[in-house]
Amino acid sequence: MKARKSHFFKLQDSLFKYFLIACSLIVVGLFVAIFLMLFETSLPSIYQNGWSFLTGLVWDPNNNIFGALPAIAGTLISAAVATLVAIPLSIGIAIFFTEYAPARSKLVLSLFIDLLAAIPSVIYGIWGLWIIAPLIKTNVEQPIIGAIGFIPLFSGPAYGLSIFLAIVILTIMVIPIITAITIELLSKTPVPLKEGMISLGATKSETIRHLGLPFARLGIVAAVILGLGRALGETMAVTMVIGNSYYWPFSGYSIFAPATTITSKIAGAVGEAGGLEFSALLEMALILMVISLAVNFISRSLIKRTSKRGFG
Amino acid sequence: MHLLSRKRKETFVKILCFLVTAAVIIPLLWIIGDVIYNGLAAWNISFLVSPVIQGGIGNAILGTFIINGMACLFGIPLGVLTGMYLSEYGQEGWFASMVRTTVESLSGIPSLILGLFAYATIIIALSQSATDRHYTAIASALALGLMMIPLVGKATEESMRVISNDIREAAIALGVPKWIRTTRIVLAIAKGGVLTGSLLAFARISGETAPLLFTALFSNFWPTGINQPMASLQVLIYNYALSGYPNLVTQAWGAALFLALIVVAINIIVRVYTKPKYKEGF
């Protein structure tokens, strides 16, 4: 009787295990399906457009000419610049939070950082479109164009909706990601070493510069790459504020000109696209997915390395 | 003199970090202020309870909850079961590391691409022709559910893994079979973490717009079934904000206020009921 019962349990156990494995397989299968779907749907475009898809500047569905370079360039430039601007700001906030902020304010401050990450991107979009764009146009773009507009990078006219505004909004969206991870890293600075430095007369800023930041460096790099991934894939806020003009940066170099990204081109065009244009849009999505996965993978493996490592 | 300059540097760093923090907090308060100010201008009872066809957002609110609910039905069980596998069975081996890598990669895919996947697999497959697309909220739920899997899975795995092995060993000593140990004991202790993870995933997908744009599309009427186009707050905000008509833009702000309330409320609830963050490691 007893033996039979344990046999029964063993059967249940292995059934349960295979059930969990089956569920995990479904997840793996869905992931593979996403990849295969993108690849298969892009095949006509890959076949038809070849390498000129990556170098072409023209997107003309009527003549079946598809070049994705402006969108790829827009995506890479906006995400990279936004992330670069976000790095010092995020590290500054993280240092303030871990070293200088009064204990009571920390709860509110960390709530703020969470909220900054939690606000839906479409709300960043409506805010950027209706509040920030007009303000930036008259108070930032026009004065700068008036003063140093002879430099191609800052040449006119001011549109409001521009790659500049997209970078500003993306920066705000990337900051909480980098900040949250940097705070975690800085608060794990080995306390004995820190106490040692302070007992030898170091100021707080010196402990950060010589102990906290070097200790957290690898993790901060991982956080920055994670933030870059978010900026690369961001759709709604960018679509709403970037102005969606296809030829930047090949029409002129001004950061105050409207531009496009992979995501905003797809979001704007896929609803009406058919045939080869649909295929070309999915090839763009495939490129974005490969970039995003690579960025994600690099970031995760760096994070794993930091969490395995001990002191220093 | 040397000490004085070092002290001055310390003060300088302190003030600089404070200014940077203020410079980032100000936009946050600015957004929140704008959403509340412009949103309240649109709000009244009939705005919240009547459908779009009568100038309200009621059907969009309901639509967001229906789509999210369907996404939860699909995403939470798969996420929990995958997380359970990774924590209790998948310590090592090529299969487990493949599942783990997949779940992590899934969280790195832009939501727009998940929407494209749902569009290409469901909408196009169900449509008679390219000019007569059959849009359905089910496709949106698929895309959003895919977003939930890694979020819920990670939360489940982490909250189950931190449970002390003493408890598992005690269960083994009592002769409890592994599947009961996993579901009735370990999962029962970890359920707080699973719940918080699911709530945060719910908040996260509530704000996602890109996967809905070309799957659920939009509707001016109350939903009458799930296999049809459905309005959602997110798409309403997007469409109305870009329409340029002042009264529609005002309604978009009203919808943005409602959406922000959902997201912020969930985040605050989760924060109140969980331990303070930034104390443990990754």
Side-chain angles (χ1 to χ4, degrees), chain A residues 9 12-13 16-17 20-21 23-24 26-28 30-31 34 37 41 89 92-93 95-96 100 110-112 114-116 118-123 126-127 129-131 172 175 183-184 187-188 203-205 229 233 235-236 240 263 266-267 270-271 274 282 285 288-289 292-293 296 300 303 307, chain B residues 6 9-10 13-14 16-18 20-21 24-25 27-28 31 34-35 78 81-82 84-85 89 98-99 102-106 108-110 112-113 116-117 120-121 130 146 149 177-179 203 207 209-210 213-214 234 237-238 241-242 249 252-253 256 259-260 263-264 267 271 277-278 281-282:
Chain A
F9 281 148
Q12 282 181 329
D13 269 352
F16 183 68
K17 186 181 172 185
L20 289 187
I21 288 179
C23 289
S24 309
I26 292 176
V27 176
V28 176
L30 282 166
F31 179 79
I34 295 170
M37 180 282 298
T41 319
L89 295 173
I93 302 172
I95 293 174
F96 181 75
Y100 299 115
S110 68
L111 178 68
F112 280 170
D114 279 4
L115 286 186
L116 214 47
I119 290 178
S121 71
V122 72
I123 292 184
I126 187 175
W127 182 70
L129 180 63
W130 288 104
I131 309 287
I172 300 176
I175 283 174
I183 287 176
E184 282 189 39
S187 54
K188 281 200 303 183
T203 60
K204 274 184 176 177
S205 59
T235 309
M236 301 317 297
M240 291 168 87
T263 51
I266 294 174
V270 85
L282 268 85
L288 177 66
M289 175 145 156
S292 302
L293 287 182
N296 194 269
R300 303 240 169 233
I303 287 178
S307 53
Chain B
R6 282 176 60 215
K9 201 173 147 197
E10 167 76 10
V13 170
K14 192 173 174 178
L16 189 71
C17 290
F18 174 75
V20 165
T21 309
V24 175
I25 298 302
L28 174 73
I31 295 175
D34 273 331
V35 169
L78 269 184
L81 291 166
T82 310
M84 202 188 269
Y85 172 75
Y89 295 85
M98 178 181 75
V99 173
T102 307
V103 172
E104 281 170 0
S105 304
L106 204 52
I109 299 181
L112 175 73
I113 291 181
L116 279 179
F117 174 67
T121 49
L146 280 169
I149 291 172
K178 184 166 185 181
W179 75 279
T209 313
L213 274 182
F214 30 82
Q234 302 96 301
I237 297 169
Y238 177 70
L242 289 179
V249 176
W253 281 109
L259 187 63
V263 174
V264 171
N267 271 280
R271 175 166 283 267
K277 257 175 86 180
Y278 307 130
F282 276 103

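Hydrogens, waters and symmetry mates are skipped; everything else that's a heavy atom, side chains included, is used. Quantities reported herein were computed from a predicted structural model and do not represent experimental measurements. All chains are named by letter (A, B, ...) in the order of the sequence lines, taking the proteins before the strands, and each is independently numbered beginning at 1.
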- Task: Of all the heavy-atom pairs spanning B:Thr82 and A:Cys23, show the shortest one and how long it is.
- Result: OG1-O, 4.2 Å

- Query: Which atoms of A:Trp130 come close to chain B, meaning under 4.5 Å heavy atom to heavy atom: side chain ones, backbone ones, both, or neither?
  - Reply: side chain

- Between A:Ile26 and chain B, which part of the residue has a heavy atom less than 4.5 Å away: side chain, backbone, both or neither? side chain

- So what's closer than 4.5 Å to chain B heavy atoms on A:Tyr100: side chain, backbone, both or neither? side chain

- Message: Is B:Leu81 in contact with chain A via its backbone, its side chain, both, or neither, using a 4.5 Å heavy-atom distance?
- Response: both

- Item | Derivation and outcome, side-chain contact (heavy atoms from CB on, under 4.5 Å), residues A:Val122 and B:Leu259 | CA-CA 10 Å; A:Val122 72; B:Leu259 187 63; 4.1 Å; yes

- Rounded distance [0.5 Å steps], OG in A:Ser205 versus NZ in B:Lys9: 6.0 Å

- Task: Under 4.5 Å heavy-atom distance to chain B, tell me which part of A:Thr235 shows up: side chain, backbone, both or neither.
- Result: side chain

- In Å, rounded to the nearest 0.5 Å, how long is the span from CD1 of B:Ile25 to CD1 of A:Ile93? 6.5 Å

- Query: Quick one: what part of A:Ile131 sits under 4.5 Å from any heavy atom of chain B, side chain, backbone, both or neither?
  - Reply: side chain

- Could you pull out the closest heavy-atom pair between A:Ile123 and B:Ala256, with the gap in Å? CD1-O, 3.4 Å

- Message: Does any part of the side chain of A:Leu20, heavy atoms only, come nearer than 4.5 Å to the side chain of B:Tyr89, both counted from C-beta?
- Response: yes

- Minimum-distance pair of heavy atoms, taken over all atoms of B:Leu116 and A:Ala285: CD1-CB, 3.4 Å

- Query: Which answer fits B:Val35, side chain, backbone, both or neither, if we ask what part of it has an atom under 4.5 Å from a heavy atom of chain A?
  - Reply: side chain

- Item | Close side-chain approach of B:Ile109 to A:Phe31, heavy-atom, < 4.5 Å | yes

- Query: Any side-chain heavy atom of B:Pro110 within less than 4.5 Å of one from A:Leu288?
  - Reply: yes

- Message: With chain B as the partner, which of A:Ile175, A:Thr41, A:Ile95, A:Leu111 has the greatest number of non-hydrogen pairs under 4.5 Å?
- Response: A:Leu111

- Do we see a donor-acceptor contact under 3.5 Å between the side chains of A:Ser110 and B:Arg271? yes

- Could you tell me whether the side chain of A:Gln12 and the main chain of B:Pro177 form a donor-acceptor pair under 3.5 Å? no

- Message: Looking at A:Thr203, is its backbone amide N or carbonyl O close enough to the side chain of B:Glu10 to form a donor-acceptor pair, meaning the two atoms are under 3.5 Å apart?
- Response: no

- Message: Using every non-hydrogen atom in the two residues, find where B:Ile31 and A:Ile119 come nearest and quote the distance to one decimal.
- Response: CG2-CD1, 4.2 Å

- Item | Interface moiety of B:Tyr85 toward chain A, non-hydrogen atoms closer than 4.5 Å | both

- Message: Show, in sequence, the C-alpha distance, side-chain angles and deciding distance for B:Leu106 and A:Ile34, and conclude whether the side-chain contact (heavy atoms from CB on, under 4.5 Å) test is met.
- Response: CA-CA 10 Å; B:Leu106 204 52; A:Ile34 295 170; 4.1 Å; yes

- Can you tell me if B:Trp179 uses its side chain to pair, donor with acceptor, with the backbone of A:Lys17 under 3.5 Å? no

- Message: Here's a test for you: under side-chain contact (heavy atoms from CB on, under 4.5 Å), which of B:Ile113, B:Leu213, B:Leu112 qualifies with A:Ile266?
- Response: B:Leu112

- Using a 4.5 Å cut-off on heavy atoms from C-beta on, say whether the side chain of B:Leu242 contacts that of A:Leu129. yes

- On a heavy-atom basis, the closest approach of A:Pro120 and B:Gly207 is CB-CA, 3.5 Å

- Message: Measuring from atom OH of B:Tyr238 to atom CE of A:Met240, what distance do you get when rounded to the nearest 0.5 angstrom?
- Response: 7.0 Å

- Message: So which residue, B:Leu16, B:Asp34, B:Val99, B:Val263, ends up with the most heavy-atom pairs under 4.5 Å with chain A?
- Response: B:Asp34

- Item | Region of A:Leu115 in contact with chain B, defined by heavy-atom distances below 4.5 Å | both

- Task: Give, as side chain, backbone, both or neither, the part of A:Met37 having an atom under 4.5 angstrom from any heavy atom of chain B.
- Result: side chain

- Give the member of B:Val24, B:Ile149, B:Thr121 that has the highest number of heavy-atom pairs under 4.5 Å with chain A. B:Val24

- Looking at B:Cys17 and A:Phe96, what are the two nearest heavy atoms and their distance? CB-CB, 3.7 Å

- Per-residue contact mode, A:Ile126 against chain B (heavy atom under 4.5 angstrom): both

- Query: Given side chains that start at C-beta, do those of B:Met84 and A:Phe16 come closer than 4.5 Å, heavy atoms only?
  - Reply: yes

